[in-house]
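What you see below is based on every heavy atom in this structure, not just the backbone, and it leaves out hydrogens, waters and symmetry mates.
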Amino acid sequence: MAQRLGALRFPGVSTVARLRGQYRTLFDKSETKHACPRGLPNIVNHNHVSRTLASRAQVSVKTAEESGTDAKPIGYPWRIVSAVCVQRFPTLSRQKTPFELEFDEHKDTKRAERSRLSNHELTLLDYARRRVERDKKALAESLDDMQLPPLEGSDEFDELQESREVEVRQFRPAPRETLADLSNDKKSLQRKLDRVLYLLVKKARQEHAWQMPQGGLEKEESLSQAAVRELREECGSGLSVKFLSGAPVLYFSYLNPAPTPAGLIGSKVFVLKAQYLSGNVVVDNSELDDYVWVTKDEMKEYVSNEYYNNVAPVLID
């Protein structure tokens, strides 16, 4: 089960040693899954953390001549991976439920009853009052419609009122469904405008091809530096994003079906969040084969259940 990082806080000096001890247990050889220590980003600079992770992920092998026993890998044989959760925030509000619509109507009614009248409303009331007085006078004097005196400013007011009514009748809101919605174009960002979309990329392999942009740390590289580099290498320079933090929001790990030639038994994945700003992914068919922008629910169609359950805690519906 993936673990979310704890809320940021500033522990006292007396707790630093204890938390650093917890931090070291994160990379214990007997791996299942460990929660990242609470308050870790405030104690250890993330650049230092990433460099420490990279060095600890390297496999140290003692030869039989050095140890006097059969050669066995020792240390921390894990690949450290930095992943980027790129999210495009909604540009439209969600459609309201019948209860919300009814409640809004109730609020508008109460607000109209208790609010002060605008100049237009005051003019409308004065116009109505003068018309009633004129009609009463005409009734008392037995005047017909042709003999009624005109109200002062009535022509200008009627024209203004008519123009506003025409403007309201002609207004047509833009449709909530776009052409990308109708064609189900998941490469387009002009779809599901009332939902959060997430970027998934497809690697050139058969199994577990779909995932968030990610890659292993290079030498002396921090998690955030690796995230920026991998996003640029996989998605191109045309995609502009803003990282919400230099520290990861999620950590999970998985085992390889078999150890790699380097002796690595699995990967530890640290996920950083980024907000979409502009542009789109450019597929070069070397790093990637394909990409999609999907909602939280649609993501289940592309990734495995295990991967989805790992990243779901930080996904917004």
Pair [X] + [Y], salt bridge at N-O below 4.0 Å:
X	Y	value
D289	K203	no
E221	R229	yes
R191	D185	no
K107	E102	no

Membership question, hydrophobic clusters at under 4.5 Å side-chain separation (ILVMFWY): are V282 and V84 in the same one? no
I316, V314: one ILVMFWY side-chain cluster at the under-4.5 Å cut-off? yes
Answer whether the closest heavy-atom distance between the side chains of [X] and [Y] falls below 4.5 Å.
X	Y	answer
E100	E105	no
F270	V81	no
L199	C235	yes
W293	K187	no
V311	F252	yes
L239	Y276	yes
Q225	E218	no
L255	W78	yes

Working for side chain to side chain contact (heavy atoms under 4.5 Å, CB included), residues Y291 and N280: CA-CA 10 Å; Y291 72 94; N280 208 338; 3.5 Å; yes
Which atoms form the tightest heavy-atom contact between P77 and G263, and what is the distance? CB-O, 3.5 Å
Keeping the roles fixed (side chain from [X], backbone from [Y]), state whether a donor-acceptor pair exists under 3.5 Å.
X	Y	result
D108	F103	no
E234	L231	no
S267	V269	no
R205	H208	yes
R94	D194	yes

Identify, with sequence neighbours excluded, every residue that meets side chain to side chain contact (heavy atoms under 4.5 Å, CB included) alongside E162. E165, V166, R169
Distance (rounded to the nearest 0.5 Å) between [X] [atom1] and [Y] [atom2]:
X	Y	atom1	atom2	answer
L223	I80	CG	CD1	8.0 Å
R111	D104	CZ	CG	8.5 Å
Y198	C85	OH	SG	5.5 Å
L244	Q275	CG	CD	6.0 Å
Q87	K273	CD	NZ	4.0 Å
T97	Q95	OG1	CD	11.0 Å

Step through the shown structure and confirm whether more than 12 heavy atoms of other residues, nucleotides or ligands are within 6.0 Å of [atom1] on [X].
X	atom1	value
D317	CG	yes
F99	CZ	no
R114	CZ	no
E207	CD	no

State yes or no: are the ring centers of W210 and Y307 separated by less than 6.0 Å? no
Side chain to side chain contact (heavy atoms under 4.5 Å, CB included) between V271 and Y251, worked out: CA-CA 6 Å; V271 181; Y251 154 75; over 6 Å; no
Should L272 and S224 be marked as a side chain to side chain contact (heavy atoms under 4.5 Å, CB included) after you check the CA-CA gap, both sets of side-chain angles, and the distance that decides it? CA-CA 8 Å; L272 289 82; S224 57; 4.1 Å; yes
Quiz question: by atom type and distance under 3.5 Å, do the side chains of T178 and D181 form a donor-acceptor pair? yes
Members besides L125 in its Ile/Leu/Val/Met/Phe/Trp/Tyr cluster (side-chain heavy atoms under 4.5 Å): L117, L122
Members other than L193 in its cluster, when Ile, Leu, Val, Met, Phe, Trp, Tyr link by side-chain heavy atoms under 4.5 Å? L92
Yes or no on side chain to side chain contact (heavy atoms under 4.5 Å, CB included) for E298 and K192, after CA distance, side-chain angles and deciding distance? CA-CA 11 Å; E298 292 172 339; K192 302 290 184 182; 3.7 Å; yes
